[in-house]
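Convention: sequence-line order gives letters A, B, ...; per-chain numbering from 1.
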2 protein chains.
Amino acid sequence: MDVTLAAGSAWTDPACPVARTVDLIGDRWSLLIIRDAMDGATAFTEFHQRLGIARNILTDRLRKLVEHGILDKSAATDGRRQTYRLTEAGQDLFTAVVALRQWGERHAFAPDEPHSVLVDGQGRELPELRPLGQDGAPLSAEASRVRKTA
Amino acid sequence: MDVTLAAGSAWTDPACPVARTVDLIGDRWSLLIIRDAMDGATAFTEFHQRLGIARNILTDRLRKLVEHGILDKSAATDGRRQTYRLTEAGQDLFTAVVALRQWGERHAFAPDEPHSVLVDGQGRELPELRPLGQDGAPLSAEASRVRKTA
DNA sequence: CCAATAGGTTGCAAAATGCAACCTATTGGA
DNA sequence: TCCAATAGGTTGCATTTTGCAACCTATTGG
């Protein structure tokens, strides 16, 4: 596998996986495009209507997401449509999207404010995601640390 | 609790917790500031040096993160320093940071490329985070759906 | 065969970002 | 006691990114 950012641009912090991920999808729109793709959107117009994003920016973001191996672009059977689908790497962002969603539910809404809910096949809300240590106990930021590369 | 964006600006998608979270921390720097705060950074200069961010932008991001209840600002015992600490809401972003980190480890590095590693108190790497259904089985994006608010 | 649909591109204005110089308060040491 | 260094900003200006609206081309269904 060969992973690259745009030609002529460099990683913000090459050794840090968080920074690399932010470099790839950390703008105002990419994650929402991915969210909608997970919710079934596949066509340009569909993303445009759901998001209210400017068309030229959407073009650019879709191109970059394809470039970065997160979306796959193909011609639909209907010859005028293009189909954008999540690659395996794109689907693997599900965990991150769920984590951001659950944080938003807890901290970005007033207690009485309604919001959409992510449910499983049986219509039940998902349990809260939490990092665990190797021993299976919940792990906090203070109880962990970043081991720098040699 | 009262949650607001900047005065004069509106949520990109008010009913969606993912979108609200992105509105709050979805720019090139906020998540990296939070990452460094989790790694022990507390002072303006410390963030500036670790990130290589422009000073005026750092000032702006720190102010917004404080405004949004993610960081807390206080005068240090050393009268010239300010101390920025994660609030409870800020610490609660740990799950999201871990999810983004683990995705980056899996998809933003070539197999032989070195990267920093997050370890628990005993120096052991964390297990991979995965969303589960109420039944405890791993849940994929396709097996879930978003239930819109009435 | 023609209007509607789909997926763009282009030009220009507005906003966000980055850089470097400057400013003020506190501090520690000679 | 004073003064250079430290810390945390602010300001002005250039560059980059974003947003809006108009335009373009190919395909489709009636």
Side-chain angles (χ1 to χ4, degrees), chain A residues 5-13 19 22-34 36-37 40-68 71-85, chain B residues 5-13 19 22-34 36-37 40-68 70-86:
Chain A
L5 206 47
S9 54
W11 299 111
T12 300
D13 184 349
V22 169
D23 281 342
L24 293 174
I25 57 163
D27 64 285
R28 183 133 32 281
W29 294 115
S30 295
L31 258 165
L32 299 183
I33 291 171
I34 291 159
D36 283 352
T42 61
F44 184 92
T45 305
E46 216 168 343
F47 289 109
H48 178 237
Q49 287 173 350
R50 293 200 195 196
L51 292 169
I53 182 179
R55 300 166 69 78
N56 51 345
I57 304 299
L58 178 57
T59 301
D60 180 72
R61 291 304 178 279
L62 289 171
R63 185 184 50 74
K64 281 182 181 159
L65 289 172
V66 168
E67 234 172 64
H68 296 144
L71 288 178
D72 180 78
K73 178 182 184 175
S74 61
T77 42
D78 177 342
R80 51 190 166 172
R81 275 191 170 80
Q82 296 297 317
T83 299
Y84 294 93
R85 286 189 196 293
Chain B
L5 206 46
S9 54
W11 298 110
T12 300
D13 184 349
V22 169
D23 281 342
L24 292 175
I25 57 162
D27 64 284
R28 180 131 32 282
W29 294 114
S30 295
L31 257 165
L32 299 183
I33 291 171
I34 291 159
D36 283 351
T42 61
F44 183 93
T45 305
E46 216 168 345
F47 290 109
H48 178 237
Q49 287 173 350
R50 292 200 197 197
L51 293 168
I53 182 179
R55 301 166 68 79
N56 52 345
I57 305 299
L58 177 57
T59 300
D60 180 73
R61 291 305 178 279
L62 289 172
R63 185 183 53 73
K64 281 182 180 159
L65 289 172
V66 169
E67 234 172 63
H68 296 144
I70 291 166
L71 288 178
D72 180 76
K73 179 181 182 174
S74 61
T77 41
D78 178 339
R80 49 191 167 172
R81 274 190 169 82
Q82 296 296 316
T83 299
Y84 294 92
R85 285 189 196 293
L86 290 165

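- When rounded to the nearest whole Å, the span between CG of Asp78(B) and P of dG28(C) equals 7 Å.
- Side-chain contact between Leu5(B) and Trp11(B) is present, with at least one heavy-atom pair separated by less than 4.5 Å.
- Between the His68(B) side chain and the Lys64(B) main chain, a donor and an acceptor come within less than 3.5 Å of each other.
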Going through the checks in order, is the side-chain contact (heavy atoms from CB on, under 4.5 Å) test met by Ile53(B) and Phe47(B)? CA-CA 8 Å; Ile53(B) 182 179; Phe47(B) 290 109; 5.8 Å; no
Only Watson-Crick and G-U wobble pairs with both distances less than 3.5 Å should count. Give DNA chain D in dot-bracket notation, marking inter-strand partners with |. ||||||||||||||||||||||||||||||
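- Counting non-hydrogen atoms of neighbouring residues, nucleotides and ligands closer than 6.0 angstrom, the CZ atom of Arg63(A) exceeds 12 such neighbours.
- With a cutoff of under 4.0 Å to any heavy atom of chain A, the contacted region of DNA chain D is bounded 5' to 3' by dT18(D) to dT28(D).
- Side-chain contact check for Arg61(A) versus Asp27(A): some heavy-atom pair is nearer than 4.5 Å.
- Nucleic acid contact for Thr59(A): base, since at least one base atom lies under 4.0 Å from a heavy atom of the residue.
- Contact annotation for Arg63(B): no contact, since no heavy-atom pair falls under 4.0 Å across all strands.
- Taking atom NE2 on His48(B) and atom P on dG18(C), their separation rounds to 11 Å, with Å as the unit.
- Checked by atom type and distance alone, the side chain of Asp23(B) pairs as donor or acceptor with a backbone atom of Thr12(B) at under 3.5 Å.
- Counting heavy atoms from C-beta on, the side chains of Thr59(A) and Phe44(A) come closer than 4.5 Å.
- Atom-to-atom, CG of Leu58(B) to P of dC19(C) comes out at 13 Å; the value is rounded to the nearest Å.
- Side-chain contact between Asp13(A) and Leu32(B) is absent, with no heavy-atom pair separated by less than 4.5 Å.
- Side-chain atoms of Val66(A) and Asp72(A), non-hydrogen and from C-beta on, never get closer than 4.5 Å to each other.
- If you check every strand for non-hydrogen atoms under 4.0 Å, Arg81(A) touches sugar and phosphate atoms only.
- Looking at which nucleotide of DNA chain D each of Gly79(A) and Ala54(A) is closest to, the 5′-most match is held by Ala54(A).
- Close to dT17(C), at under 4.0 Å from its OP1 or OP2, lies no side-chain N or O of Trp29(B).
- Phe47(A) comes within 4.0 angstrom of nothing in the nucleic acid, heavy atoms only.
- For the pair Arg28(A) CZ and dA14(C) P, the computed distance is 18 Å after rounding to whole Å.
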